[in-house]
Student: 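So that we are looking at the same thing, I have put the structure below in structure tokens.
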Amino acid sequence: MILDRFRLHGKVAIVTGASAGIGRGSAEGLAEAGASVVLAARTPDKLEGAAAAIRKSGGKAHAVATDVNDADQLQRLVDEALRTFGRIDVIVNNAGGTMPGAALHLPQADLETAFHFNVGTAFQLTKLCAPELAKNGGAVVNISSAMSHLVDPGFVAYGTAKAALSHMTRLLAHEWAPRIRVNAIAVGATETEALGLFLNAAPEIRQQMIDMTPMGRLGTPEDIALAVLYLASPAGSWVTGKVFEVDGGTVASNWPMKMPSGL
């Protein structure tokens, strides 16, 4: 049956940035499909709350407080996943993000930090898990951004790093096929908790973003979780090296606040 190919019973997934937003939504979606989920994020209380919600719904979840910027903590995350569930089948590299700012005022150190947080940490975790993923025909889903291919002032660090993440996805997929599938999602404007707080205080900006989105609404974590489930599950077994644009149909940035270039 077609729907059975979306099921993940017996599989184990690691999701980073899993205490809120897209990461939490993805973890909940994978758990609902039957996966045992290891949730990783920096804030222990929020992280355990997300794991507890999955368990309350009948899923299997284990929280591991992790700062993905720390290589030792990434290794501990992998070790804990194997100790708890015995295997690793899916990685969702969701941790990342960089505050916008004019390129002229961007310190070199901040650019390097953006690359490490958005690209280097995903590479390190994926590399650590690759031997286990290869055993089981595993899948990697990298959470990239529409800003990896769209343009807007103030996003040179974030957008360039996400573009690198997207192309790293293609390169790893080519190198590791057919034993490991690697795909990415170029996420459009999605109303996570952080963005929601800002937009709730500025309803006129919310409406501008909606008006600039062809589908007439902002994305939700569940919208992204559905794409994650497809790419992580046997339903996507013939898909690798692709960057899916899940963005409400945007072909230009719908960020309404234009930053000065400083020139």
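Hydrogens, waters and symmetry mates are skipped; everything else that's a heavy atom, side chains included, is used.
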Student: Hey, does Val187 have a side-chain heavy atom less than 4.5 Å from the side chain of Val246?
Tutor: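 A side-chain contact is absent here, since even the closest heavy-atom pair is not under 4.5 Å.
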
Student: Quick check against the 3.5 Å criterion: does Arg24 have a side-chain atom that pairs as donor or acceptor with the backbone of Ala18?
Tutor: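 Pair absent, no side-chain N/O of Arg24 close to backbone of Ala18.
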
Student: I'd like to know if Glu193 pairs up with Lys46 as an ion pair, taking the criterion as any Lys NZ or Arg NE/NH1/NH2 lying under 4.0 Å from an Asp or Glu carboxylate oxygen.
Tutor: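 Looking at Glu193 and Lys46, the cut-off is met.
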
Student: Could you tell me if the side chain of Thr190 sits less than 4.5 Å from the side chain of Leu218, heavy atoms only?
Tutor: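 SC-SC contact between Leu218 and Thr190 ruled out.
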
Student: Evaluate the criterion side-chain contact (heavy atoms from CB on, under 4.5 Å) for residue pair Lys135 and Leu133; output intermediate values, then yes/no.
Tutor: CA-CA 5 Å; Lys135 289 179 186 177; Leu133 294 170; over 6 Å; no

Student: Does Met147 offer a backbone N or O that forms a donor-acceptor pair with the side chain of Ser145 under 3.5 Å?
Tutor: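 Judged by distance alone, yes, a pair lies under 3.5 Å.
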
Student: Same cluster for Leu82 and Val15 if Ile/Leu/Val/Met/Phe/Trp/Tyr side chains link at under 4.5 Å?
Tutor: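 No, it is not one cluster - the side chains of Leu82 and Val15 are not joined through contacts under 4.5 Å.
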
Student: Show which side-chain atoms of residues 252-262 pair as donor or acceptor with protein atoms under 3.5 Å away, not counting sequence neighbours.
Tutor:
{"unit_1": "Ser253", "atom_1": "OG", "unit_2": "Asp152", "atom_2": "OD2", "d": "2.7"}
{"unit_1": "Ser253", "atom_1": "OG", "unit_2": "Trp255", "atom_2": "N", "d": "3.2"}
{"unit_1": "Asn254", "atom_1": "ND2", "unit_2": "Thr213", "atom_2": "OG1", "d": "2.7"}
{"unit_1": "Trp255", "atom_1": "NE1", "unit_2": "Met257", "atom_2": "O", "d": "3.2"}
{"unit_1": "Lys258", "atom_1": "NZ", "unit_2": "Asp152", "atom_2": "OD1", "d": "3.0"}
{"unit_1": "Lys258", "atom_1": "NZ", "unit_2": "Asp152", "atom_2": "OD2", "d": "3.0"}
{"unit_1": "Lys258", "atom_1": "NZ", "unit_2": "Trp255", "atom_2": "O", "d": "3.0"}
{"unit_1": "Ser261", "atom_1": "OG", "unit_2": "Leu263", "atom_2": "N", "d": "3.2"}

Student: Report yes if the side chains of Tyr158 and Pro100 come closer than 4.5 Å at any heavy-atom pair, otherwise no.
Tutor: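 No, every pair of side-chain atoms sits at 4.5 Å or beyond.
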
Student: Walk me through it: do Arg42 and Ser19 pass the test side-chain hydrogen bond (donor to acceptor under 3.5 Å, both in side chains)?
Tutor: CA-CA 8 Å; Arg42 285 180 287 192; Ser19 63; over 6 Å; no

Student: Given side chains that start at C-beta, do those of Val92 and Ile14 come closer than 4.5 Å, heavy atoms only?
Tutor: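 No, side chains not in contact.
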
Student: Hey, does Leu30 have a side-chain heavy atom less than 4.5 Å from the side chain of Ser36?
Tutor: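 Side-chain contact under 4.5 Å: no.
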
Student: Do other residues, nucleotides or ligands put more than 12 heavy atoms under 6.0 Å from the CD atom of Glu32?
Tutor: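 Not buried by this count: 12 neighbours or fewer within 6.0 Å.
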
Student: How close do Leu165 and Val119 get, counting heavy atoms only, and between which atoms?
Tutor: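 Distance-wise, the nearest heavy atoms are N-CG2, 4.0 Å.
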
Student: When rounded to the nearest 0.5 angstrom, what is the spacing between CZ in Arg7 and CG in Leu3?
Tutor: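 If I round to the nearest 0.5 Å, the distance is 6.5 Å.
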
Student: Determine, for Glu80 against Arg76, whether the closest basic-nitrogen to carboxylate-oxygen distance falls under 4.0 angstrom.
Tutor: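 So Glu80 does not pair with Arg76 through a salt bridge.
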
Student: State plainly whether one hydrophobic cluster holds both Val243 and Ile185, where clusters connect Ile, Leu, Val, Met, Phe, Trp and Tyr through side-chain heavy atoms under 4.5 angstrom apart.
Tutor: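 Val243 and Ile185: separate clusters.
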
Student: Tell me whether Thr16 contacts the main-chain N or O of Ala95 through its side chain, where contact means a donor paired with an acceptor under 3.5 Å.
Tutor: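 Yes; at least one donor-acceptor contact below 3.5 Å.
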
Student: Look at atom CZ of Phe123 and say whether more than 12 heavy atoms of other residues, nucleotides or ligands are closer to it than 6.0 Å.
Tutor: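 No, the 6.0 Å shell around CZ holds no more than 12 heavy atoms from other groups.
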
Student: By the side chain to side chain donor-acceptor pair (under 3.5 Å) test, which pairs, at least two apart or in different chains, include something from residues 175-185?
Tutor: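 Not a single pair qualifies under side chain to side chain donor-acceptor pair (under 3.5 Å).
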
Student: For residues Val78 and Ile88, determine if any side-chain heavy atom of one lies less than 4.5 Å from a side-chain heavy atom of the other.
Tutor: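 Counting from C-beta outward, Val78 and Ile88 do come under 4.5 Å.
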
Student: Lys162 versus Asn118: any side-chain heavy-atom pair under 4.5 Å?
Tutor: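 Lys162 reaches Asn118 side chain to side chain.
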
Student: For Tyr230 and Phe244, take the angle between the two ring planes, folded into 0 to 90°, and tell me which bin it lands in: parallel under 30, tilted 30 to 60, perpendicular over 60.
Tutor: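 Tilted: the ring planes of Tyr230 and Phe244 meet at 30° to 60°.
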
Student: Measuring from Ile205:CD1 to Leu199:CG, what's the distance to the nearest 0.5 Å?
Tutor: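 Reported value, rounded in 0.5 Å steps: 7.5 Å.
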
Student: Indicate yes or no for a side-chain donor-acceptor contact from Thr84 to the backbone of Ala81 under 3.5 Å, with no hydrogens or angles considered.
Tutor: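 Checking the backbone N and O of Ala81 against the side chain of Thr84, no donor-acceptor pair under 3.5 Å is found.
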
Student: Should Arg206 and Glu191 count as an ion pair when the cut-off is N to O under 4.0 Å?
Tutor: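 The answer is yes: the pair qualifies as a salt bridge.
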
Student: Please check if the side chain of Thr160 supplies one atom and the backbone of Ala157 the other of a donor-acceptor pair under 3.5 Å.
Tutor: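 Side chain of Thr160 to backbone of Ala157: no pair is present.
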
Student: Can you name the closest pair of heavy atoms from Ile54 and Ala31 and give their distance?
Tutor: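 Heavy-atom minimum between the residues: CG2-CB, 3.5 Å.
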
Student: Checking Glu132 against Asn136 for the side-chain hydrogen bond (donor to acceptor under 3.5 Å, both in side chains) test, could you report, in this order, the C-alpha distance in whole Å, the side-chain angles of both residues, the deciding distance, and whether it holds?
Tutor: CA-CA 7 Å; Glu132 289 296 322; Asn136 307 317; 4.7 Å; no

Student: For the residue pair Gln75 and Leu128, establish whether any side-chain heavy-atom pair is separated by less than 4.5 Å.
Tutor: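 A side-chain contact exists here, since the closest heavy-atom pair is under 4.5 Å.
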
Student: Can Thr169 and Asn142 be counted as having a side-chain donor-acceptor contact under 3.5 angstrom?
Tutor: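 Yes, because at least one side-chain N or O of Thr169 sits under 3.5 Å from a partner of the opposite role on Asn142.
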
Student: Assess the side chains of Thr220 and Asp223: does a donor N or O sit below 3.5 Å from an acceptor N or O?
Tutor: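 Thr220 vs Asp223: donor-acceptor pair found between side chains.
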
